[in-house]
Amino acid sequence: MTIPIQSDSAAGARSGAAGGAQARGSGSITWLRALNFTLADVQNGMGPYMALFLQSAVHWNPARIGIALAIGNIAQVVTQTPVGALVDYLRAKRALLAVGIVMIAAACIVTPLHPSFPVVGAAQALIGAAGAIFPPTLAALALGIVGRKRLDAVLGGNQAWNAAGNVATAIGLGVVGVMIGLPWMFATVVGLAAVSLLILTRINPDDIDHDMARGGDSAKDTGDGKAPDQDGTPMQAFHGLLPAFRDLIRQRPVAVFLACAVIFHFANAAMVPLVTQMLARGQGVRKAIMLTSGYMVASQLVFVVVAALAGKLAGRVGRKPLFLFAFAALCLRGLLYSVCTSPLALIAVQCMDGLGAGVFGVVATLIIADLTRGTGRFNAAQGAVATAVGVGALLSNSVAGFLAHHAGTTVAFLALAAIAAAGFVLFAFAMPETLDAGEGKCG
């Protein structure tokens with residue numbers, strides 16, 4: 001892949017501008033981290049607790065629950081790439097985040113009030129579509145505020161704050177569910193959504209370089225205050241999506257990385273649902289909530305540390321060694337699940353989820369930024385990778401669910417471990433290091 005490289009003079013000019021932007025945007029970065037904290041569980045719309053609510057409080061059967069949750073997954077997969085293109089075009093990124101937050105709040109209000117299949121299905125579609133908004137928009141804001149030089153550390157910090165928010169929310173939702181009841185957990189998510197909207201207003205729009213946020217050249221460098229391809233309407237942006245995506249996918253590193261993203265989540269996505277089912281067997285609702293919260297807290301505590309370290313190490317050791325580590329941790333996790341049966345052992349192994357997910361959450365975005373540098377398609381490519389992640393998750397839940405039903409969970413976990421091993425080999429031999437091609441190593 002040929003990645004545009006700036007001249008030394010252009011890079012120097014941007015470095016000076018970036019220094020001023022760093023000081024000017026420090027307050028906005030603080031609020032962006034706070035937003036990552038409060039959005040941690042809002043963006044999942046109750047996460048694993050949704051299936052527990054539908055099973056225990058509404059008494060749906062597993063097939064009905066699976067179909068309802070699949071609606072959300074499909075909605076997210078379908079909307080991710082178009083939303084990425086919209087984020088590239090749209091300057092009102094804070095407003096787009098606000099729309100996503102309101103969508104999830106509305107879904108969490110109607111679900112416990114009227115848990116019929118049409119209402120729950122529509123609510124899951126809202127949650128899925130909103131879930132496609134948050135990752136690319138938050139990453140775009142980070143890139144637009146601090147630029148490329150500080151992106152490694154800022155993304156690592158954002159992911160760590162997001163994981164810390166997951167820990168706090170898992171504890172809070174667990175307490176609410178046990179002490180008051182499952183329906184009140186939805187009210188907690190709505191409350192967090194309201195707090196997120198307030199924090200969102202504190203991010204200063206003047207701190208955001210929207211052309212940098214798209215992965216293109218800064219408007220300051222073009223001299224006209226506008227990115228070259230940011231004319232026209234949103235519909236024109238969408239019409240240009242397919243040609244842009246075709247140009248990206250024809251470049252071998254991009255195609256390899258998309259394949260690896262599918263494989264990673266093919267191996268990863270089904271592990272948590274399978275573990276949840278194993279922990280809930282023969283347990284009451286209260287104990288199932290406590291165990292679910294327990295493994296979420298354990299894995300997210302690991303995630304906090306790993307995400308922060310990944311952000312610091314990615315600019316020193318490179319992207320590739322860290323991503324290979326994530327694949328190796330995922331493979332080992334599947335192997336360990338196949339031999340663990342006690343709740344404590346399962347929760348201990350679940351801590352390893354934070355290893356793989358912590359690295360993927362940070363390094364995947366950095367690789368995308370490297371591969372799309374200067375193209376103005378950073379967020380569209382994020383959407384494409386998110387779609388690949390969604391496809392991998394759908395395949396994972398379908399295949400692992402079939403294997404678990406017909407051959408047992410041990411076989412399912414071994415199959416997922418084998419898929420992770422295949423991804424490790426593909427990434428090791430087919431994916432180049434992108435750091436040198438993009439920015440050059442930084443200390």
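Keep in mind that what you see is a predicted model, and the values were worked out from it rather than measured.
- Counting only distance, with no hydrogens or angles, the side chain of Asp207 and the backbone of Ile203 share no donor-acceptor pair below 3.5 Å.
- Distance CZ/Phe424 to CZ/Phe264: 12.5 Å, rounded to 0.5 Å.
- Side-chain atoms of Met212 and Leu143, non-hydrogen and from C-beta on, do get closer than 4.5 Å to each other.
- Put simply, the side chain of His265 does not reach to within 4.5 Å of the side chain of Val391, judged on heavy atoms.
- Using the six-membered ring where Trp is involved, Phe327 and Phe323 have ring planes that are perpendicular, over 60° apart on the 30 and 60° scheme.
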*Run the numbers on Gln76 and Ile127 for side chain to side chain contact (heavy atoms under 4.5 Å, CB included), then give the verdict.*
CA-CA 8 Å; Gln76 188 165 4; Ile127 291 171; over 6 Å; no
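- Taking the six-membered ring for Trp and the full ring otherwise, the centers of Phe186 and Phe53 sit less than 6.0 Å from each other.
- Looking at residues two or more places apart in sequence or on another chain, you find a side-chain contact (heavy atoms from CB on, under 4.5 Å) between Ala308 and Ala160.
- With respect to the salt-bridge test (charged N to carboxylate O, under 4.0 angstrom), the residues Asp209 and Arg214 do not qualify.
- Scored by the ring-ring contact (aromatic ring centres under 6.0 Å, His included) test, Phe134 finds no partners at all (sequence neighbours excluded).
- With sequence neighbours left out, the side-chain contact (heavy atoms from CB on, under 4.5 Å) criterion links Ala75 to Ala125.
- Across all their heavy atoms, Trp60 and Ala68 have their closest contact at CZ3-CB, 3.8 Å.
- Glu433 places a side-chain N or O within donor-acceptor distance of the main-chain N or O of Leu435, the cut-off being under 3.5 Å.
- In this structure, CG in Leu371 is found 5.5 Å from OG1 in Thr434, a value given to the nearest 0.5 Å.
- For the side-chain contact (heavy atoms from CB on, under 4.5 Å) with Leu138, the lone residue among Leu35, Asn158, Val87 that qualifies is Leu35.
- Ser196 meets the side chain to side chain donor-acceptor pair (under 3.5 Å) test with Thr38; sequence neighbours excluded.
- You'll find the side chain of Ile29 reaches within 4.5 Å of the side chain of Leu32, heavy atoms only.
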Show me the side-chain donor-acceptor pairs of residues 352-364 shorter than 3.5 Å, one per line, residues at least two apart or across chains.
unit_1, atom_1, unit_2, atom_2, d
Asp353, OD1, Arg333, NH1, 3.3
Asp353, OD2, Gln350, NE2, 3.3

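- Counting only heavy atoms from C-beta outward, the side chains of Thr111 and Met50 approach each other to under 4.5 Å.
- Residues passing the side-chain contact (heavy atoms from CB on, under 4.5 Å) test with Ala98, sequence neighbours excluded: Leu197, Leu200.
- Applying the side-chain hydrogen bond (donor to acceptor under 3.5 Å, both in side chains) rule to pairs touching residues 380-391 yields Thr81-Thr387, Asn379-Gln382, sequence neighbours excluded.
- Distance check, rounded to the nearest 0.5 Å: OG1 of Thr409 to CG of Leu403 gives 11.0 Å.
- Shown here are the ring-ring contact (aromatic ring centres under 6.0 Å, His included) partners of Tyr337, two or more places apart in sequence or in another chain: Phe413.
- Here the OG1 atom belonging to Thr137 is positioned 8.5 Å from the CG atom belonging to Leu90, to the nearest 0.5 angstrom.
- Every pair tested for salt bridge (charged side-chain N to carboxylate O under 4.0 Å, His left out) that includes a residue from residues 253-269 fails, sequence neighbours excluded, so the list is empty.
- Taking the charged nitrogens against the carboxylate oxygens, Arg91 and Asp211 do have a contact shorter than 4.0 Å, which makes a salt bridge.
- When all heavy atoms are compared, the tightest approach of Trp31 to Ile199 is O-CG2, 3.4 Å.
- Between the side chain of Thr372 and the backbone N or O of Ile368 there is at least one donor-acceptor pair closer than 3.5 Å.
- By the 4.5 Å heavy-atom criterion applied to side chains, Leu141 and Leu97 are counted as neighbours.
- Here the closest non-hydrogen pair linking Ala123 and Ala107 is O-CB, 3.5 Å.
- To the nearest 0.5 angstrom, Leu346 atom CG is 12.5 Å from Met271 atom CE.
- Between Ala193 and Ile101, the shortest heavy-atom distance links the atoms O-CG2, 3.4 Å.
- Lys320 contributes a side-chain N or O that, together with a main-chain N or O of Met431, makes up a donor-acceptor pair within less than 3.5 Å.
- Separating the CG atom in Leu39 from the CH2 atom in Trp161 is a distance of 14.0 Å, to the nearest 0.5 Å.
- Summarising the geometry of Val262 relative to Leu395, their closest heavy-atom pair is CG1-CD1, 4.4 Å, with the distance given to 0.1 Å.
- The side-chain contact (heavy atoms from CB on, under 4.5 Å) check on Ala430 picks up Arg252, Val256, Leu426, with sequence neighbours excluded.
- Side-chain atoms of Leu126 and Ile104, non-hydrogen and from C-beta on, never get closer than 4.5 Å to each other.
- Looking only at distances, no side-chain donor or acceptor of Asp152 sits under 3.5 Å from a matching main-chain atom of Lys312.
- At distances below 3.5 Å, at least one donor-acceptor pair connects side-chain atoms of Ser396 with backbone N or O atoms of Phe266.
- The minimum heavy-atom distance linking Ala129 with Met103 is given by the pair CB-CE, 3.8 Å.
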*Evaluate the criterion side chain to side chain contact (heavy atoms under 4.5 Å, CB included) for residue pair Leu192 and Phe37; output intermediate values, then yes/no.*
CA-CA 10 Å; Leu192 287 170; Phe37 183 89; over 6 Å; no
